[in-house]
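Please read the structure below before turning to the comments.
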Amino acid sequence: MKPEDTAILIVDDEAAVRESLCKWFQLDGYRVDTAADAVEALKKMQEQPWDIVFLDIKMPGMDGLELQRRIKQIDKGVVTIMITAFASVDTSIQALKEGAFDYVVKPIDPDDMSHLIRNAIDHRRLVTENLRLRRQIEEISSPDKIIGESQALRQVMERVAAVAETDSTVMIRGESGTGKELVARAIHSMSNRRYSPIITINCGAYTEGLLESELFGHEKGAFTGALYQRRGRLEMADKGTVFLDEIGNIGEKMQMDLLRVIETRQFTRLGGDKLLNVDFRIICATNKDLEKAVRDGTFREDLYYRLNVFSIVLPPLRERSSDIPLIAQHFMQKFAQSMNKNITEFSPEALEMLVKYEWPGNVRELRNVVERAMVTAKGRRIEADDLSFPFSSSSSDFFGDDSLEEVERKHIRNILERTNGNVAQAAQILKISRLTLYNKIEKYQLKKKEP
Amino acid sequence: MDYVYIVPVGSIRDDFWVEPLEHAVMRTFGLKTRYRRFDLDLARAYDARRGQYDSAEILRQLIAALPPDGCRVLGVADVDLFIPILTFVFGEAQLNGAGSVASLHRLHNEYYGLPRDKHLMLERLLKEALHELGHTFGLIHCHDPRCVLRSSTYVEDIDQKSAEFCEACREKVRAGVAACRRQARSAAGKTNRGNAVRSYDVPPIV
Ligand SMILES: [Zn+2]
Ligand SMILES: [Zn+2]
């Protein structure tokens with residue numbers, strides 16, 4: 001995040017303090033403004049959003065404590081930092097209890113100030129992210145809104161509810177696109193940790209070294225480019241939940257480090273020697289066959305058992321096809337709103353196609369298909385013609401008035417073409433056994449002509 | 001004219017640092033320098049409670065005393081400087097203004113209980129001087145770790161950066177100096193030209 005993306009408001013009745021603090025931040029490139037008293041501060045709070053507010057604790061009229069309360073009423077996500085004289089440290093501690101991020105005692109050590117502001121920005125980012133996610137959870141993924149009524153999904157939700165309030169480590173299994181992250185958030189939001197952050201880390205998205213510093217943080221100078229101290233995600237997740245997505249992708253060293261952290265709940269930042277104690281719950285997810293990875297020796301067995309305390313398996317969409325109309329309807333309403341389109345239903349043919357399709361990409365794919373259809377749909381209804389599925393050269397090529405058998409034949413032919421006739425690969429994509437695929441190739445006479 | 005005045009502040013001796021500093025300023029900004037002692041009232045900047053000197057007040061006096069042929073002034077002090085909110089500062093300058101000041105007080109190795117090192121101290125002074133003057137040409141802090149305009153809160157930070165502006169900052173310096181020259185030329189005939197540059201509107205900064 002660039003400095004100019006951070007807006008800082010300084011509230012102090014002493015002009016000299018206000019000005020010097022303001023200029024100090026301006027030089028670093030932040031957007032800064034000042035207010036001389038509570039009235040002006042509250043006015044500025046109403047006018048635009050602020051990321052960080054510095055508050056003098058002693059001001060005529062309204063003190064910093066009261067002002068903080070009012071500021072938090074306007075924007076509960078704003079990060080407040082109290083400016084204090086030695087004499088008012090007690091009040092500052094009170095302010096911390098009421099949600100201040102930190103306090104500084106005048107005069108401030110410039111180095112403390114640099115650290116403080118960086119930490120405050122990190123914190124602000126987290127808070128914003130969290131508010132956004134909480135809204136998102138409320139919007140679509142709150143436990144009662146993970147959509148569907150199928151038996152398979154009901155079983156999943158029962159397990160979610162059962163494990164949520166314990167502090168147990170949870171492993172979520174399922175193909176990609178089945179909503180593993182949604183379930184992790186549901187567990188978090190139903191747990192006692194719901195008012196603390198849930199920190200998501202996609203382990204597959206980082207190189208091992210980066211993942212390490214992302215998780216554990218680092219001290220200044222820990223490696224080239226570590227120009228200042230940085231808190232890791234584990235630290236940020238204190239009292240909350242860490243969601244490790246794609247856990248099957250982490251390397252050997254990381255597996256060892258993680259095992260140690262899970263066992264001791266202690267770690268050090270890279271290049272640091274201070275042991276940090278952090279209270280977090282771990283939820284992890286994978287679409288990999290971890291048992292096989294354990295057998296192959298690429299995933300530590302002891303870590304596997306540590307993580308797999310309680311497992312929740314998400315059914316692929318094709319195994320709960322009775323949920324498809326509901327989910328499709330949900331996405332339709334959502335996109336109708338955001339695209340400002342008056343589309344209210346699927347034609348029976350379109351709906352049938354959605355239910356019959358195999359959904360290799362699961363809910364995520366369904367969402368994309370509905371979104372694309374919403375763009376092309378002309379009237380108030382999504383017709384079969386509006387639907388296009390990935391990999392098909394055109395939708396009519398795929399479906400149209402074709403019988404279900406004909407659709408299947410064409411789909412298998414397409415996949416075989418895509419895989420250059422590799423049956424093993426095609427079977428994997430089609431999510432059927434090789435034997436089944438051979439039978440279908442036989443049935444539809446899709447055998448490649450021998451030269 | 002557009003001289004950069006280099007002004008000793010307090011009891012600091014006219015020592016070996018003067019010539020290298022003048023040279024560095026000339027080479028970096030392409031402006032001529034004049035080394036002069038101004039008549040300053042340092043007692044007014046002294047804060048007895050803190051035992052330190054208010055750098056804003058020193059800046060104010062430096063700017064007020066700047067002769068008409070000066071476009072910038074750089075005070076070099078040996079007293080401990082502060083601004084109200086911070087425990088200390090190495091220096092202070094006006095953003096886009098005429099005034100800047102730097103102090104040797106915390107640049108000495110002796111201050112940290114280390115053996116005296118004249119060359120190291122000189123190097124630190126040059127960096128801080130160029131840094132503060134950079135602010136007067138409108139530059140804000142730079143995130144390039146080698147750039148002299150990176151902010152430093154510890155003396156080690158000063159040692160880590162170079163005495164050079166990075167490419168991007170150098171470009172801004174060039175523009176700033178050119179603007180300053182234009183301003184000096186256009187104001188050359190006017191009697192009140194001093195006020196144009198020496199405005200108090202721009203609050204001093206670190
Ligand atoms: Zn630079
Ligand atoms: Zn600076």
Side-chain angles (χ1 to χ4, degrees), chain A residues 1-6 8 10-34 54-57 81-87 103-118 121 219-221 223-229, chain B residues 45 47 49-52 54-57 59-60 80-97 99-100 106 131-132 134-136 138-147 149-158 160-161 168-169 172 200-206:
Chain A
M1 195 156 81
K2 291 196 216 108
E4 64 259 34
D5 295 336
T6 303
I8 303 175
I10 297 154
V11 190
D12 197 313
D13 59 321
E14 222 182 306
V17 170
R18 214 162 53 225
E19 287 304 325
S20 58
L21 203 51
C22 177
K23 290 301 157 188
W24 169 264
F25 287 131
Q26 259 172 11
L27 276 193
D28 280 336
Y30 299 109
R31 284 191 287 132
V32 205
D33 200 358
T34 62
F54 280 85
L55 279 176
D56 188 7
I57 204 121
I81 295 170
M82 313 308 283
I83 307 172
T84 291
F86 245 124
Y103 69 89
V104 286
V105 181
K106 278 188 286 192
I108 307 158
D109 185 294
D111 194 55
D112 289 347
M113 185 64 117
S114 307
H115 281 308
L116 177 69
I117 196 72
R118 275 192 293 258
I121 289 168
E219 295 294 342
K220 181 172 166 177
F223 49 84
T224 332
L227 295 171
Y228 54 85
Q229 182 206 63
Chain B
D47 184 315
R49 216 163 28 112
R50 297 179 55 146
Q52 290 174 303
D54 185 339
S55 62
E57 173 56 28
L59 265 187
R60 241 169 256 136
D80 200 13
L81 301 179
F82 78 93
I83 62 172
I85 196 73
L86 297 179
T87 50
F88 75 93
V89 293
F90 291 121
E92 182 172 356
Q94 287 180 301
L95 191 62
N96 270 320
S100 63
R106 288 173 192 254
H131 177 106
E132 299 304 344
H135 285 322
T136 68
L139 279 75
I140 62 168
H141 286 152
C142 176
H143 297 287
D144 185 328
R146 303 286 305 145
C147 180
L149 244 130
R150 187 181 173 83
S151 77
S152 4
T153 49
Y154 278 154
V155 80
E156 292 95 314
D157 300 335
I158 302 177
Q160 266 172 26
K161 64 189 181 186
C169 288
K172 286 181 213 151
Y200 288 105
D201 301 346
V202 188
I205 45 181
V206 186

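Owing to the predicted nature of the structure, the values given are computational and were not obtained by experimental measurement. In what follows, every chain begins at residue 1, and chains take the letters A, B, ... in the order their sequences are listed.
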Residues two or more places apart in sequence or in another chain: which of them pass side chain to side chain contact (heavy atoms under 4.5 Å, CB included) with A:D111?
A:D109, A:H115, B:T153, B:Y154
Please determine which of A:D12, A:L21, A:V17 meets the side-chain contact (heavy atoms from CB on, under 4.5 Å) test together with B:P84.
A:V17
The single option from B:I85, B:L86, B:V89 passing side-chain contact (heavy atoms from CB on, under 4.5 Å) against A:S20
B:I85
Separation between CD (B:E156) and NZ (A:K220), nearest 0.5 Å, reads 7.5 Å
Residues at least two apart in sequence or cross-chain that pass ring pair (Phe, Tyr, Trp, His ring centres under 6.0 Å) with B:F82, listed by chain then number, are none
For A:L27 and B:L139, which heavy atoms make the closest approach, and how far apart are they?
CD2-O, 4.3 Å
Show your reasoning for whether side chain to side chain contact (heavy atoms under 4.5 Å, CB included) applies to B:S151 and A:D28.
CA-CA 8 Å; B:S151 77; A:D28 280 336; 4.0 Å; yes
Are the side chains of A:D112 and B:T87 in touch, meaning some heavy atoms are under 4.5 Å apart?
no
B:H141 side chain reached by A:P3 side chain, heavy atoms, under 4.5 Å
no
Heavy-atom distances under 4.5 Å only: say whether B:D54 touches chain A with side chain, backbone, both or neither.
neither
